[in-house]
There are 2 protein chains.
Amino acid sequence: MDDAGRGALDDILGLRIRLAHGTVQRHFAEHCAHLGLTQKQVSVLWLVHDAPGTTQTDVARTLQMDRATTMAIVHALEKRGLLVRARAGSDARRIGFRLTQGGERMLEEARVAIGEHEAWLKERFTARELTTLSRLLERIYQ
Amino acid sequence: MDDAGRGALDDILGLRIRLAHGTVQRHFAEHCAHLGLTQKQVSVLWLVHDAPGTTQTDVARTLQMDRATTMAIVHALEKRGLLVRARAGSDARRIGFRLTQGGERMLEEARVAIGEHEAWLKERFTARELTTLSRLLERIYQ
DNA sequence: TATTGTTATACTCTATAACTATA
DNA sequence: TATAGTTATAGAGTATAACAATA
């Protein structure tokens, strides 16, 4: 009995995405180890910097995470003094985030490391290929 | 102080890959929950089916995992009686894998569920786009 | 010495469920 | 009732380090 016409593991797009993700994650972990931050933590710092006052629910939606998962990440950042929480607006349930001075400094440093990390990732593509890849990936998570 | 010329979070390819990966993983978890298998476990079953006698190191290399990580996954499959281990060839260090009858049956069932899952994933692309996406992703992990 | 398998350990991410406070 | 945040808990994936057996 053979597997003719049954499809190979190579045709599984999910596997390709998973392998690519793993490769990127490993390179990040190595290259950005000196920051002591994970990809997710940097994403949150970046997001809050771009839009101070962003709430937990906003962050969860943008990064497509559970609220509880978001909590854990924010907690770690708060514990390190990179981010503070404060009531946002008239709705007493909503708590907005702001970066501390230390958080801003850390983000600047992270941006340098991530710039290098992204350069390593992108160097294998032309500008046109990068645009194509970004647009195709977008269709998956949007 | 503004961020003109500094690059936006949207330009981070690593983030797009991460979001796409998360979306695919969540859909797999929902759609394939009845199997009681994770993506990794199915990959290992599939791999061993395609090449009986495959060793732990082979699996680790193909799926780009640590040997210890591979162990944990294989252990779970062995515990459920889907896979057995046996000495492979003359090298007494190498242990090859084979699927049991139950493992073969489980793989058949998994293939159906994964076919549907992949159809959901791929329906948003044309055949040509799929080829492009696969080739671009390949350049990252190969 | 190098490779293969193994175990122990630890950390991140992820999600669920149950809870409190506010709208 | 619905939403925002919180906490506890658990499982999966990942990696490191140290070890035994074999090449």
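Only a predicted model underlies this, so the values are computations on that prediction, with no experimental measurement involved. The chains referred to below are lettered A, B, ... by the order of the sequence lines, with proteins before strands, and numbering in each begins at 1.
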Q: When all nucleic acid strands are considered with a 4.0 Å heavy-atom cut-off, which category describes B:His21: base, sugar-phosphate, or nothing?
A: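 The answer is nothing, as B:His21 stays clear of every strand by at least 4.0 Å.
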
Q: In whole Å, what is the span from the CZ atom of A:Arg93 to the P atom of D:dA4?
A: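 Whole-Å distance recorded here is 6 Å.
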
Q: What does A:Thr70 touch in the nucleic acid at a heavy-atom separation under 4.0 angstrom: a base, only the sugar-phosphate, or nothing?
A: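 Nothing, no heavy atom under 4.0 Å.
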
Q: Output the rounded distance in Å from CG (A:Asp66) to C1' (D:dT7).
A: 13 Å

Q: Under 3.5 Å, is there a donor-acceptor pair between the side chain of A:Arg16 and the main chain of A:Asp10?
A: yes

Q: Under 4.0 Å, heavy atom to any atom of DNA chain D: which of residues 28-40 of chain B qualify?
A: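 Within residues 28-40 of chain B, the residues near DNA chain D are B:Thr38, B:Lys40.
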
Q: With distance as the sole criterion, do the side chain of A:Arg26 and the base of D:dA15 form a donor-acceptor contact below 3.5 Å?
A: no

Q: Check every nucleotide of DNA chain C for an atom under 4.0 Å from a heavy-atom of chain B, then give the first and the last such nucleotide from 5' to 3'.
A: C:dA2 to C:dA15

Q: Just how far, in rounded Å, is P of D:dA12 from CZ of B:Arg80?
A: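 Going from B:Arg80 (CZ) to D:dA12 (P), I get 10 Å.
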
Q: Could you work out which one of D:dA23, D:dT3, D:dT6 sits closest to the side chain of A:Ile95?
A: D:dT6

Q: Check the hydrophobic clustering (I, L, V, M, F, W, Y; side-chain heavy atoms under 4.5 Å; chains of links allowed) and say if A:Met106 and B:Leu9 are grouped together.
A: yes

Q: Go nucleotide by nucleotide along DNA chain D from the 5' end; which of A:Thr55 and A:Arg18 gets its closest nucleotide reached first?
A: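 Checking each residue's closest nucleotide, the 5'-ward one belongs to A:Thr55.
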
Q: To the nearest Å, how far apart are B:Leu63 CG and D:dG13 P?
A: 11 Å

Q: Could you tell me whether A:Glu138 and A:Arg135 have a side-chain N and a carboxylate O separated by less than 4.0 Å?
A: no

Q: Would you confirm whether B:Thr70, through its side chain, and B:Gln56, through its main-chain N or O, come within 3.5 Å as a donor-acceptor pair?
A: no

Q: To the nearest angstrom, how far is A:His27 atom NE2 from D:dA15 atom C1'?
A: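 Rounding to the nearest Å, NE2 of A:His27 and C1' of D:dA15 are 17 Å apart.
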
Q: So do the side chains of B:Arg94 and B:Asp58 get within less than 4.5 Å of each other, counting heavy atoms only?
A: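 When only atoms from C-beta onward are counted, B:Asp58 and B:Arg94 do touch, with a gap below 4.5 Å.
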
Q: Counting N and O atoms only, with roles assigned by atom type, does the side chain of B:Glu118 sit under 3.5 Å from a partner on the main chain of A:Gly14, one being a donor and the other an acceptor?
A: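 Yes; judged by distance alone, with no hydrogens or angles, the pair exists.
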
Q: Ignoring the backbone of A:Ala68, work out which of D:dT3, D:dA8, D:dT16 is nearest its side chain.
A: D:dA8

Q: What is the separation between atom NZ on A:Lys79 and atom P on D:dT7, rounded to the nearest whole Å?
A: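 These atoms are roughly 12 Å apart.
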
Q: Hey, what else clusters with A:Leu130 if you join Ile, Leu, Val, Met, Phe, Trp, Tyr whenever side-chain heavy atoms sit under 4.5 Å?
A: A:Leu13, A:Ile17, A:Val24, A:Trp120, A:Leu121, A:Phe125, A:Leu133, A:Leu136, A:Leu137, A:Ile140, B:Leu13, B:Ile17, B:Val24, B:Trp120, B:Leu121, B:Phe125, B:Leu130, B:Leu133, B:Leu136, B:Leu137, B:Ile140

Q: With a 6.0 Å cut-off (strictly less than), is the heavy-atom count around CZ of B:Arg98, excluding the residue itself, greater than 12?
A: no

Q: Nearest whole Å is fine: how far is D:dA15 C1' from B:Met65 CE?
A: 13 Å

Q: Please classify the nucleic acid contact of A:Thr57 as base, sugar-phosphate, or nothing, using heavy-atom distances under 4.0 Å.
A: sugar-phosphate

Q: Could you tell me how far apart A:Leu15 (CG) and D:dG13 (P) are, to the nearest whole angstrom?
A: 13 Å

Q: Which is more 5' along DNA chain C, the nucleotide nearest A:Arg67 or the one nearest A:Ser90? Just name the residue.
A: A:Arg67

Q: Could you pick out which residue, A:Asp58 or B:Gln25, lies toward the 5' side of DNA chain D when each is mapped onto its nearest nucleotide?
A: A:Asp58

Q: For a quick test of reading the model: is some side-chain N or O of A:Arg85 closer than 4.0 Å to OP1 or OP2 of D:dT6?
A: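 A:Arg85 to D:dT6 OP1/OP2: side-chain N or O found under 4.0 Å.
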
Q: Would one find more than 12 heavy atoms of other residues, nucleotides or ligands at under 6.0 Å from atom CD of B:Gln101?
A: no

Q: Examine distances only and state if a side-chain atom of B:Gln64 and a backbone atom of B:Tyr141 form a donor-acceptor pair shorter than 3.5 Å.
A: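 Between the backbone of B:Tyr141 and the side chain of B:Gln64 there is a qualifying donor-acceptor contact (under 3.5 Å).
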
